[in-house]
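So the structure is just underneath, and the comments pick up after that.
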Amino acid sequence: MNGPVITRLHPAPPVAGTPLTIDDLIELHRPRDRATPRVRANFVASVDGSATAAGRTRDLGGPADLLVFDLLRRLCDVVVVGAGTVRDEGYGSMRLGDDAVAWRRTAGLPDHPVFAIVSSGLDLDPSSAVFAEAPARPLVLTHDSAPRASRTRLDEVADVVSCGGDRVDPRLLVRALVERGLTQIHTEGGPTLFGDLVAADVVDELCLTVSPNVEGGAGPRIVAAREAMALRGLALDHVLLSADMLLTKWSRRR
């Protein structure tokens, strides 16, 4: 394939160093049963554990990380992102490329995944590209105590869904998505949302890219938990290598 060369380190391939194709990467990441609800997260972190560089994630990634990032969107039903990350990373509409759309049509899926934004304060611009250029009507996941006026404005451009009384409950969030037929749930952060999902123990998979950089300790970790919690055991599914970058996938060990 054109683009970055990615090989598999674990499990050991039959022939070491053989580059993976797009189809190989899809096979490594695709859901085995789309009817079974599954929550997957995707993050990049520096070797010393930072989820950002100068406040953003893009300088930590690279072509291979971006390729997997795009493939994970291709495979899911809904992309869930915290409102702060939407603003900080400059998100636009959740629109896939032509190759991804063609693949999804062949697989019997809608052209694009739904974009679901998690927001307590509803500080979102209804006229932004996130809503105005959305190929599928977005969701805004909030709670009963969110500002009523903001909710009314957003109701015109998105389905606003309450997932709790005075804060977003991760279990209710997952239930609300599954009830809409969005069983393959994919989150891209940020750390606070991921921390809530991990604390509620609803995360089934983590795709983590280890960037070959040291950030220095100023940035956040990929999980920003609100309080201490018990360890969450993970099983290593695979390790891929592209130049000096590691691309890993882990499953929750229950």
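In what follows, every heavy atom counts, from backbone to side chain, and hydrogens, waters and symmetry copies are set aside. What you are looking at is a predicted structure, and each value in this text was computed from that prediction instead of being measured. Nothing fancy with the numbering, it's 1 onward along the sequence.
One N or O on the side chain of Arg40 and one on the backbone of His29 form a donor-acceptor pair closer than 3.5 Å. Side chain of Ser128 to main chain of Leu124: no donor-acceptor pair is present (N/O by atom type, distance under 3.5 Å, no hydrogens or angles). Remark: side-chain polar atoms of Asn42 are not paired, donor with acceptor, to backbone N or O of Phe69 under 3.5 angstrom. Judged purely by atom type and a 3.5 angstrom limit, Glu89 has no side-chain atom pairing as donor or acceptor with the backbone of Arg56. Of the possible polar contacts, none joining the Thr183 side chain to the Pro37 backbone as a donor-acceptor pair under 3.5 Å is found. A donor-acceptor contact shorter than 3.5 Å is absent between the side chain of Thr142 and the backbone of Ala146. The main-chain N or O of Leu240 is never found under 3.5 Å from a side-chain atom of Arg8 such that the two would form a donor-acceptor pair. Looking only at distances, a side-chain donor or acceptor of Asp48 sits under 3.5 Å from a matching main-chain atom of Gly216. In this structure, the side chain of Arg137 engages the main chain of Ala158 through a donor-acceptor pair within 3.5 Å.
By the salt bridge (charged side-chain N to carboxylate O under 4.0 Å, His left out) test, Glu188 is found to be paired with Arg73, residues two or more places apart in sequence or in another chain being considered. The salt bridge (charged side-chain N to carboxylate O under 4.0 Å, His left out) check on Arg252 picks up Asp201, with sequence neighbours excluded. By the side chain to side chain donor-acceptor pair (under 3.5 Å) test, Ser119 pairs with no residue at all, sequence neighbours left out. Residues that satisfy the side chain to side chain donor-acceptor pair (under 3.5 Å) test with Arg151, not counting sequence neighbours, are Ser162.
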ask   = Can you check side-chain hydrogen bond (donor to acceptor under 3.5 Å, both in side chains) on Ser150 and Asp123, steps first, answer last?
value = CA-CA 7 Å; Ser150 297; Asp123 183 18; over 6 Å; no
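Checking Asp204 against Ser251 by side-chain atom types alone, no donor-acceptor pair falls below 3.5 Å. Looking at Asp23 and Thr21, their side chains never bring a donor and an acceptor atom within 3.5 Å of each other.
Scanning all heavy atoms of the two residues, the minimum distance from Ser46 to Glu215 falls at OG-CB, 3.7 Å.
Hydrophobic cluster membership for Val44: Leu60 (Ile, Leu, Val, Met, Phe, Trp, Tyr linked by side-chain heavy atoms under 4.5 Å, directly or transitively).
In this structure, Asp244 places its CG atom where only 12 or fewer heavy-atom neighbours from other residues, nucleotides or ligands lie under 6.0 Å away. Sparse packing is recorded around CZ of Arg175, with 12 or fewer heavy atoms of other residues, nucleotides or ligands lying under 6.0 Å away.
Evaluation of the side-chain hydrogen bond (donor to acceptor under 3.5 Å, both in side chains) test over residues 218-236, restricted to residues two or more places apart or in two chains, returns Asp196-Arg226.
Separation of the Phe115 and Tyr91 ring centroids falls under the 6.0 Å cut-off.
Ion pairing of Glu27 with Arg30 is present here, as a side-chain N (NZ or NE/NH1/NH2) and a carboxylate O approach within less than 4.0 Å.
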